[in-house]
Number of protein chains: 2
Amino acid sequence: MAKSKTAEKLDASTEEKIKEAARTVFHKKGFAATRTRDIAEEAGINLALLNYYFRSKARLFEIIMLETISVFVQAMALALNDEKTTLGEKVERVVTSYIDLIEKEPDLPIFMLSEIRNNPDLLLVKLPIKQAIMGSVFFRQHHEAVTQGKITEPSPIQFLMNLIGLIMFPFIASPMLKRIGDLKEEDFNRLMQERKRLIPVWIEAMMKAS
Amino acid sequence: MAKSKTAEKLDASTEEKIKEAARTVFHKKGFAATRTRDIAEEAGINLALLNYYFRSKARLFEIIMLETISVFVQAMALALNDEKTTLGEKVERVVTSYIDLIEKEPDLPIFMLSEIRNNPDLLLVKLPIKQAIMGSVFFRQHHEAVTQGKITEPSPIQFLMNLIGLIMFPFIASPMLKRIGDLKEEDFNRLMQERKRLIPVWIEAMMKAS
DNA sequence: AAATATTTTAATCAAATGATTAAATTTTTC
DNA sequence: GAAAAATTTAATCATTTGATTAAAATATTT
């Protein structure tokens with residue numbers, strides 16, 4: 001009732017509690033499979049309160065989604081735009097920070113990619129993702145390395161696909177991989193930790209091979 | 001009404017038409033976001049008929065899902081169990097056949113991986129996926145190559161993650177990649193076709209690098 | 001502490017959706 | 001070609017689910 005005039009005065013902890021619960025449930029089940037009642041229960045509040053704070057499931061989802069993508073892009077953009085690091089160091093940083101991030105929140109990659117597929121325009125138009133990556137120091141350095149013959153594969157998009165794919169795919173496919181390889185949670189995590197060291201080595205070898 | 005006694009006599013084309021429509025809609029939207037009415041409309045039949053043939057949305061889904069996973073595993077298992085091909089040739093075949101398959105049905109990977117995540121037990125227990133891959137000729141050859149020092153990375157699971165990830169990830173992330181790289185559908189497809197040649201080269205370089 | 005503003009909830013609504021039923025239509029059998 | 005079986009449909013039910021409302025509870029102000 002007092003929302004529109006005084007949004008800034010509302011207890012932030014309740015609003016944050018709902019958002020936190022929404023993040024958890026949305027990330028785990030995706031938009032379509034999520035019930036607003038699940039979020040309310042997870043947050044320990046009544047269903048009506050959720051709509052009081054966020055008007056609708058769709059609006060709450062959009063807020064969570066934009067924050068989630070933002071975290072992802074930010075982590076990438078920061079590493080890729082450091083003037084002080086070399087190309088190889090950038091790869092190492094991206095690999096390490098993403099593997100640590102995703103190990104803490106394993107649902108993140110498949111959540112993001114599924115929901116982006118369902119609604120690419122809504123979610124990607126709003127973020128300056130293209131500029132943040134294609135205009136980065138990283139891509140300038142990549143281009144220089146190609147010019148100097150240090151890298152034989154000239155497409156930066158191929159580079160990006162390989163880097164992100166090698167990082168994220170195992171997490172996306174983890175239920176299947178655990179089954180195939182008969183891996184416990186800890187076995188799987190050990191493999192992911194090993195990949196922090198391996199992926200930079202692999203990437204370097206790949207980019208000189210084609 | 002006459003279903004249970006004479007299932008084998010039902011017109012296969014109608015049943016198949018419904019399954020075909022279900023495949024299309026489920027693959028595109030996933031289980032939770034799919035409405036049985038969407039499937040009926042796609043198939044050009046009435047909603048009740050869908051339940052007459054398949055009893056429920058869940059049962060229809062399970063049939064589609066098992067077939068879909070089966071296609072995937074089969075394609076992999078066939079290539080990996082050929083006694084006549086070398087390790088490198090197997091990689092080439094897997095890469096080529098999967099890229100062609102997925103280019104025809106781009107929703108396949110993310111559909112499979114999302115739904116497996118939602119219900120790993122139901123879907124993976126029923127298929128002898130572990131045995132089909134871990135007991136394959138491919139893995140014997142991989143082990144031999146490691147023993148002979150031709151491959152320095154000893155874990156076949158890391159090998160598998162890299163191979164499948166390099167193939168499937170770009171399709172999973174395609175909406176985002178198209179946006180980042182400013183790629184039209186045809187640009188993207190061209191990159192995927194290039195990867196038929198590139199991935200085997202990359203894989204070889206990687207496996208000798210670590 | 002009374003008055004006012006803010007926060008929270010229980011109860012309810014309306015639309016969407018999975019499923020059923022009984023009757024109509026078409027096909028097959030004899 | 002009449003009877004029986006199989007197929008298809010329109011209409012309807014029951015549950016789920018997103019959203020609203022009006023009132024109760026709590027906090028804040030004066």
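Below, read A as the first sequence line, B as the second, and so on, with proteins coming before strands; counting in each chain starts at 1.
- One can place CZ of A:F54 at 16 Å from P of D:dG18, the figure rounded to the nearest angstrom.
- We find that CG of A:L47 is positioned 16 Å from C1' of D:dA22, with the value rounded to whole Å.
- Counting to the nearest Å, the C1' atom of C:dA11 and the CG atom of A:N51 are 15 Å from each other.
- Between the CG atom of A:D38 and the P atom of D:dT16 there is a distance of 13 Å, rounded to whole Å.
- Rounded to a whole Å, the OH atom of B:Y53 is 18 Å from the P atom of C:dA19.
- Between A:R35 and A:N46, the residue anchored closer to the 5' end of DNA chain D is A:R35, taking for each the nucleotide with the nearest heavy atom.
- The side chain of B:Y52 lies closest to D:dT8, out of D:dT21, C:dT8, D:dT8.
- Nearest to the side-chain atoms of A:S56 among the listed nucleotides D:dT8, D:dA19, C:dT9 stands D:dA19.
- In this structure, the nucleotide among D:dT8, C:dT21, C:dG18 sitting nearest to the side chain of B:K57 is C:dG18.
- Between A:R59 atom CZ and D:dG18 atom C1' there is a gap of 15 Å when expressed in whole angstrom units.
- You'll find that the side chain of A:R37 is closest to D:dA19, out of D:dA19, C:dT9, D:dT8.
- Proximity of the aromatic rings of B:F26 and B:F61 is defined here by a centroid distance below 6.0 angstrom, and this criterion is met.
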List the steps, then state whether salt bridge (charged side-chain N to carboxylate O under 4.0 Å, His left out) holds for B:D187 with B:K184. CA-CA 5 Å; B:D187 302 322; B:K184 307 286 170 218; over 6 Å; no
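- Per the geometry, CD1 belonging to A:I18 stands 12 Å off P belonging to C:dT7, to the nearest Å.
- In terms of position on DNA chain D, the residue among B:L49 and A:L50 whose nearest nucleotide sits closer to the 5' end is B:L49.
- For the pair B:K57/B:L50, no side-chain contact is recorded, criterion being any heavy-atom separation below 4.5 Å from C-beta on.
- You'll find that the side chain of B:T14 is closest to D:dT8, out of D:dT8, D:dG18, C:dT9.
- Among B:V137, B:I151, B:I203, B:L80, the one residue that satisfies the side chain to side chain contact (heavy atoms under 4.5 Å, CB included) test with B:L87 is B:I151.
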Please determine whether salt bridge (charged side-chain N to carboxylate O under 4.0 Å, His left out) holds for the pair B:E67 and B:R23, giving the CA-CA distance in whole Å, both sets of side-chain angles, and the decisive distance to 0.1 Å. CA-CA 10 Å; B:E67 286 186 9; B:R23 203 178 342 267; 2.9 Å; yes
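- When the nucleotides D:dT8, D:dT9, D:dA19 are ranked by their closest atom to the side chain of B:I45, D:dT9 comes out on top.
- One atom, CD of B:E41, and another, C1' of C:dT17, lie 15 Å apart when rounded to the nearest Å.
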